**Q** 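One structure is given below, represented as structure tokens, and several questions about it will come after.
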Amino acid sequence: MSQQTLKEQIVTRLRAQPGGMTDAELAIAIGKLHQQINQRCRQMESVGILTRDRSSGVIVNRLRNQDAAGPVAQPRPVPDSERSWDWEGNVQAVLCRWLEEQGWQLLQVADTATKQQGTDVVAERAEQRLHVEVKGYPSKTYADPRRAGEVKPTPPTLQAKHWYADALVKALRLREKHSGDQVAMAFPDAPRYRSQLSETAGTLRNMRIDVFLVTDDGQVGLWEATND
């Protein structure tokens, strides 16, 4: 089982405290820095998940719907303009925007920048649950500032093959765990990924695993074997 995200931890604590909790109280209860709690609570306020009551002189966080029993909608991730369009976080952000446009509600969005554990995207529409494993395309050089400009020893095309295999295994595990749900993978639209998809088309079809391809101009399409 994956660990709760910070948002989920905050919601859990506030559900147990109908009177609300301050940022400091949440920080102590969850074991995070006050600044982390403050930033996340302000973000949750901006998307309508909670209110931040300032009337008593200290800010008290309360859920807008204290009796809500279902999952809490997650805010859509924002693209990082300083990174390549095919970076995993940007692929995820474009996919999440598109899913919302198609009527899906985001229930879980993993923080790809910090390599957060768990499914990259979980969404729901008309009582149908969707689980998506997202991958970007490997760069030639390291993203770590400490190794800026240093060329990776593994060619991007070979690394992309490994990333595809990793995504496929995770998608198969999701299919095993969520047999009645929709399972998908998402990749930047690149020839290397298309060739890998063609080679495993039968498996994807038999296991009911969909594939979303994200283009460099921010479009999302559903891949089909006949496309290649």
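Just so you know, residue 1 is the first one in the sequence shown, and it goes up from there. Bear in mind the structure is a predicted one, so any value in this text is a computation, not a measurement. Reckoned from all heavy atoms, side chains included, excluding hydrogens, waters and symmetry mates.
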**Q** When you look at CD of Gln102, are more than 12 heavy atoms from neighbouring residues, nucleotides or ligands closer to it than 6.0 Å?
**A**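 Result for CD/Gln102: enclosed.
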**Q** Transitive ILVMFWY cluster of Val60 at side-chain heavy atoms under 4.5 Å: who else is in it?
**A**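 Other cluster members: Val58.
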**Q** Could you check whether atom CD of Glu176 has more than 12 heavy atoms from other residues, nucleotides or ligands sitting under 6.0 Å from it?
**A**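 Incorrect, the count does not exceed 12.
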**Q** Hey, could you give me each pair passing side-chain hydrogen bond (donor to acceptor under 3.5 Å, both in side chains) that has a residue in residues 209-219? Not counting sequence neighbours.
**A**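 Residue pairs passing side-chain hydrogen bond (donor to acceptor under 3.5 Å, both in side chains), neighbours aside: Gln182-Asp210, Thr215-Asp217.
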**Q** Linking I/L/V/M/F/W/Y whenever their side-chain heavy atoms sit closer than 4.5 Å, directly or via other members, would Val220 and Leu222 fall into one cluster?
**A**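 Linked within one cluster.
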**Q** Measuring only between side-chain heavy atoms, which start at C-beta, is Arg76 closer than 4.5 Å to Val109?
**A**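 Of all side-chain heavy-atom pairs linking Val109 with Arg76, none is under 4.5 Å.
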**Q** Check whether Arg175 reaches the backbone of Ile209 with its side chain - one donor and one acceptor, N or O, closer than 3.5 Å.
**A**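 The answer is no, because no donor-acceptor pair under 3.5 Å joins these two groups.
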**Q** Not counting sequence neighbours, list each pair that qualifies as a ring-ring contact (aromatic ring centres under 6.0 Å, His included) and has a residue in residues 32-56.
**A**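 Listed by first then second residue: nothing to list.
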**Q** Please report the interatomic distance CZ(Arg13) to CG(Leu26), rounded to the nearest 0.5 Å.
**A**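 If we round to the nearest 0.5 Å, Arg13:CZ and Leu26:CG are 8.5 Å apart.
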**Q** Name each donor-acceptor pair under 3.5 Å that joins a side chain in residues 41-48 to protein atoms two or more places apart or in another chain, with its distance.
**A**
from: Arg42; atom 1: NE; to: Asn38; atom 2: OD1; distance (Å): 2.8
from: Arg42; atom 1: NH2; to: Asn38; atom 2: OD1; distance (Å): 3.4
from: Gln43; atom 1: OE1; to: Lys7; atom 2: NZ; distance (Å): 3.4
from: Gln43; atom 1: OE1; to: Arg40; atom 2: NE; distance (Å): 3.2
from: Glu45; atom 1: OE2; to: Arg54; atom 2: NH1; distance (Å): 3.4
from: Ser46; atom 1: OG; to: Gln43; atom 2: O; distance (Å): 2.5

**Q** Verify, without hydrogens or angle tests, whether Arg83 (side chain) and Glu88 (backbone) share a donor-acceptor contact under 3.5 angstrom.
**A**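 Flag not set: sc Arg83 to bb Glu88 has no pair under 3.5 Å.
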**Q** Okay, side chain of Arg97, backbone of Gly218: is any donor-acceptor separation there less than 3.5 Å?
**A**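 Looks like yes, one N/O pair under 3.5 Å.
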**Q** Check whether Asp120 reaches the backbone of Val134 with its side chain - one donor and one acceptor, N or O, closer than 3.5 Å.
**A**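 Checking the backbone N and O of Val134 against the side chain of Asp120, a donor-acceptor pair under 3.5 Å is found.
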**Q** Test side chain to side chain contact (heavy atoms under 4.5 Å, CB included) on Thr112 and Val91; report intermediate values, then the result.
**A** CA-CA 10 Å; Thr112 58; Val91 173; over 6 Å; no
**Q** For Ile37 and Ala27, which heavy atoms make the closest approach, and how far apart are they?
**A**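 Where Ile37 meets Ala27 most closely, the heavy atoms are CG1-CA, 3.7 Å.
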**Q** Do Asp53 and Ser55 have a side chain donor and acceptor closer than 3.5 Å?
**A**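 Indeed, the side chains of Asp53 and Ser55 share at least one donor-acceptor pair under 3.5 Å.
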**Q** Return the minimal non-hydrogen interatomic distance between Ala171 and Val183, and the atom names on each side.
**A**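 That closest heavy-atom pairing would be O-CG1, 3.6 Å.
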**Q** Please round to the nearest 0.5 Å and tell me the distance separating atom CG of Leu6 and atom CG of Asp111.
**A**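 Between atom CG of Leu6 and atom CG of Asp111 there are 10.5 Å.
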**Q** Identify the heavy atoms of Ala29 and Met21 that sit nearest to each other, and give their distance.
**A**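 Smallest interatomic distance, heavy atoms only, reads CB-CE, 4.1 Å.
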**Q** Could you check whether any side-chain heavy atom of Leu14 comes within less than 4.5 Å of a side-chain heavy atom of Arg62, counting everything from C-beta outward?
**A**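 With C-beta onward as the side chain, the pair stays apart.
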**Q** Decide if atom CD of Gln36 counts as having more than 12 heavy atoms of other residues, nucleotides or ligands within a radius under 6.0 Å.
**A**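 More than 12 heavy atoms, drawn from other residues, nucleotides or ligands, come within 6.0 Å of this atom.
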**Q** Indicate every side-chain donor-acceptor pair of residues 154-166 with a distance under 3.5 Å to a residue at least two apart or in another chain.
**A**
from: Tyr164; atom 1: OH; to: Thr200; atom 2: OG1; distance (Å): 2.5
from: Asp166; atom 1: OD2; to: Lys135; atom 2: NZ; distance (Å): 2.7
from: Asp166; atom 1: OD2; to: Lys170; atom 2: NZ; distance (Å): 3.3

**Q** Can you find a heavy atom in the side chain of Ile10 that is under 4.5 Å from one in the side chain of Asn61?
**A**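 Side-chain contact under 4.5 Å: no.
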**Q** Just by distance, do the side chain of Asn90 and the backbone of Pro79 share a donor-acceptor pair under 3.5 Å?
**A**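 Not at all, since once roles are kept as given, no pair shorter than 3.5 Å links the two residues.
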**Q** Using 0.5 Å steps for rounding, measure from the CG atom of Leu172 to the CD atom of Glu133.
**A**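 Reported value, rounded in 0.5 Å steps: 11.0 Å.
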**Q** Is there any ring-ring contact (aromatic ring centres under 6.0 Å, His included) pair reaching into residues 81-125, and which pairs are they, with sequence neighbours excluded?
**A**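 Qualifying pairs: Trp98-Phe212.
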**Q** Find the distance between CD (Gln17) and CZ (Arg15) and round it off to the nearest 0.5 Å.
**A**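 These two atoms lie 14.0 Å from each other.
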**Q** Within a strict 4.5 Å, meaning less than it, do heavy atoms of the Val122 and Arg129 side chains meet?
**A**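 Yes. Closest side-chain heavy atoms under 4.5 Å.
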**Q** Please say whether more than 12 non-hydrogen atoms of neighbouring residues, nucleotides or ligands are located less than 6.0 Å from CZ in Arg173.
**A**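 For Arg173, atom CZ is not crowded (no more than 12 foreign heavy atoms under 6.0 Å).
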**Q** Can you give me the closest heavy-atom contact between Pro188 and Leu213, atom names plus distance?
**A**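 So the two residues come closest at O-CD2, 4.2 Å.
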**Q** Using the rule that two of Ile, Leu, Val, Met, Phe, Trp, Tyr join whenever any of their side-chain heavy atoms come within less than 4.5 Å, decide whether Ile59 and Leu50 are in one cluster.
**A**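 No, it is not one cluster - the side chains of Ile59 and Leu50 are not joined through contacts under 4.5 Å.
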**Q** Below 4.5 Å, heavy atoms only, C-beta onward: do Arg52 and Asp23 meet side chain to side chain?
**A**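 Sidechains of Asp23 and Arg52: in contact.
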**Q** In terms of relative ring orientation, are Tyr193 and Tyr137 parallel, tilted or perpendicular, with 30° and 60° separating the classes?
**A**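 Perpendicular, since the angle between the ring planes exceeds 60°.
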**Q** About how many Å separate CG of Asp181 and NE2 of His131, when rounded to the nearest 0.5 Å?
**A**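 Those atoms lie 3.5 Å apart.
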**Q** Could you state the interatomic distance from CG (Leu106) to CZ (Arg125), rounded to the nearest 0.5 Å?
**A**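 One gets 12.0 Å once the value is rounded to the nearest 0.5 Å.
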